[in-house]
Number of protein chains: 2
Amino acid sequence: MPEETTGEPRWLDADQQVQWRRYIEGASRLSEALARWHDDHLSVSLSEYEVLVRLSESPGHSMRMSRLADGLAYSRSRVTHTVRRLEAKGFVARSEAEGDRRGIECTLTPNGFETLEQEAPIHVEGVRRYMVDALDDAELESLGRAMASIARACREDE
Amino acid sequence: MPEETTGEPRWLDADQQVQWRRYIEGASRLSEALARWHDDHLSVSLSEYEVLVRLSESPGHSMRMSRLADGLAYSRSRVTHTVRRLEAKGFVARSEAEGDRRGIECTLTPNGFETLEQEAPIHVEGVRRYMVDALDDAELESLGRAMASIARACREDE
DNA sequence: GAGAAGTAGTTGAATGTTCAATCAAAGCGT
DNA sequence: ACGCTTTGATTGAACATTCAACTACTTCTC
């Protein structure tokens with residue numbers, strides 16, 4: 001609607017608008033549905049769960065705070081806070097990293113690992129219900145590709 | 001990894017895992033990038049902006065709080081808080097709805113409309129930069145379709 | 001038309017995330 | 001060795017969103 005003469009304010013065409021709004025609505029509904037799912041059925045939130053998964057995939061069930069932050073694309077302080085909550089629940093433990101006295105190593109406790117094993121299928125059930133099973137293979141594949149491109153565009157820009 | 005005998009805990013195969021993680025990373029980076037974009041270049045956050053857009057599209061630049069909530073898939077209290085902030089910035093005004101004394105009508109002020117007109121191209125530039133321009137037409141199209149399916153799956157489930 | 005149930009909206013506390021400030025340790029340049 | 005910059009991590013305040021509780025009005029039902 002606004003007309004301009006300076007710059008080149010490339011508008012969105014009708015179709016692009018539609019896709020953008022679909023994205024916004026879908027993303028917000030999905031994140032809400034998944035958050036509720038975790039809240040109702042698991043003992044950790046989605047972001048806490050992601051931390052546990054990364055730890056479980058790492059040798060020794062252990063990772064540096066900063067690697068956790070980088071791998072999950074979380075801010076450092078978010079990791080600090082999240083790990084503090086997980087520690088309070090008894091699912092992880094902190095220890096000093098050897099070789100770098102600034103570093104903190106975060107390790108899955110046996111209890112944390114056991115909880116993860118028990119609850120992973122429930123998490124997956126949520127992911128299926130709200131995303132994977134809502135799409136056929138080709139749709140899921142192209143969704144993933146598109147999101148990877150978006151992630152790249154965001155990353156490039158700092 | 002965990003083996004089970006009860007229920008039918010359908011795991012994710014390797015490819016589904018990849019797409020899921022791409023989605024999670026992309027979605028979180030995109031929402032963060034766009035939030036920063038608004039914060040740096042516009043006078044309203046993304047959710048505040050969405051409210052202004054809906055109002056501007058409505059006859060009389062005016063909508064009931066509950067229609068705003070439903071249309072944006074926001075909780076009612078989120079709309080209350082968001083509109084309060086917009087009111088404090090002078091972009092919207094509240095008035096009683098006629099015909100239903102419980103209702104509140106939310107209306108764009110001239111200043112709010114003018115701001116929206118000025119800043120919409122900047123918002124669009126962000127959407128382009130982090131999403132639309134990162135994809136070709138076909139990718140955008142299938143992203144939108146997938147997200148619409150996801151939204152439907154979430155909505156159906158309450 | 002009275003009581004029950006539902007709808008519109010607000011409120012304030014709790015939660016999780018970000019941001020800016022801070023601190024300590026490492027690395028770098030000279 | 002000495003400052004300078006960078007990195008690893010934490011802290012606490014600020015902020016947005018949710019949740020539960022609540023008020024006020026409307027609609028339904030008998």
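Here the structure is a predicted model, which is why all the values come from computation and not from measurement.
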For [X], all residues meeting ring pair (Phe, Tyr, Trp, His ring centres under 6.0 Å), sequence neighbours excluded:
| X | result |
| --- | --- |
| B/His41 | B/Trp37 |
| B/His38 | B/Tyr49, B/His123 |
| A/Tyr74 | none |

message = Using a strict heavy-atom distance below 4.0 Å, which residues from residues 47-64 of chain A are in contact with DNA chain C?
response = A/Ser47
Within residues 74-89 of chain B, residues whose heavy atoms come under 4.0 Å of DNA chain C =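 Per residue number, the list reads B/Arg76, B/Ser77, B/Thr80, B/His81.
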Is the backbone of [Y] close enough, under 3.5 Å, to the side chain of [X] for a donor and an acceptor to pair up by distance?
| X | Y | result |
| --- | --- | --- |
| B/Gln19 | A/Leu143 | no |
| A/Thr82 | A/Val79 | no |
| B/Ser62 | B/Ser58 | no |

note = Walking DNA chain C from its 5' end, the first of B/Glu105 and A/Gly99 to be reached, judged by nearest nucleotide, is B/Glu105
message = For chain B and DNA chain C, what are the first and last nucleotides along the strand, 5' to 3', with at least one atom under 4.0 angstrom from a heavy atom of the protein chain?
response =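 Footprint of chain B along DNA chain C, 5' to 3': C/dG6 to C/dG12.
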How long is the line joining [atom1] of [X] and [atom2] of [N], in whole Å?
| X | N | atom1 | atom2 | answer |
| --- | --- | --- | --- | --- |
| B/Met65 | D/dA24 | CE | P | 18 Å |
| A/Asp70 | D/dA9 | CG | C1' | 13 Å |
| A/Asp39 | D/dC19 | CG | P | 7 Å |
| B/Asp100 | D/dT27 | CG | P | 7 Å |

key: Closest-nucleotide ordering on DNA chain D, the 5'-leading residue of A/Ile104 and A/Glu32   = A/Ile104
task = Let me know, please, whether B/Arg101 or A/Arg67 comes out on the 5' side of the other along DNA chain D by nearest nucleotide.
result =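 Going by which nucleotide is closer to the 5' end, it is A/Arg67.
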inquiry  = Using side-chain heavy atoms (C-beta onward) and a distance below 4.5 Å, is B/Val92 in contact with B/Leu52?
reply    =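 Of all side-chain heavy-atom pairs linking B/Leu52 with B/Val92, at least one is under 4.5 Å.
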ask   = When all nucleic acid strands are considered with a 4.0 Å heavy-atom cut-off, which category describes B/Arg94: base, sugar-phosphate, or nothing?
value = sugar-phosphate
Atom pair CG/CE of B/Leu140 and B/Met131 - distance to nearest 0.5 Å = 5.0 Å
Do [Y] and [X] meet the salt-bridge criterion of a basic N to acidic O distance under 4.0 Å?
| X | Y | result |
| --- | --- | --- |
| A/Arg152 | A/Glu156 | no |
| B/Arg21 | B/Glu25 | no |
| A/Arg54 | A/Glu50 | no |

task = Determine whether any donor atom in the side chain of A/Arg102 lies under 3.5 Å from an acceptor atom in the base of D/dT7, or the reverse, and answer yes or no.
result = yes
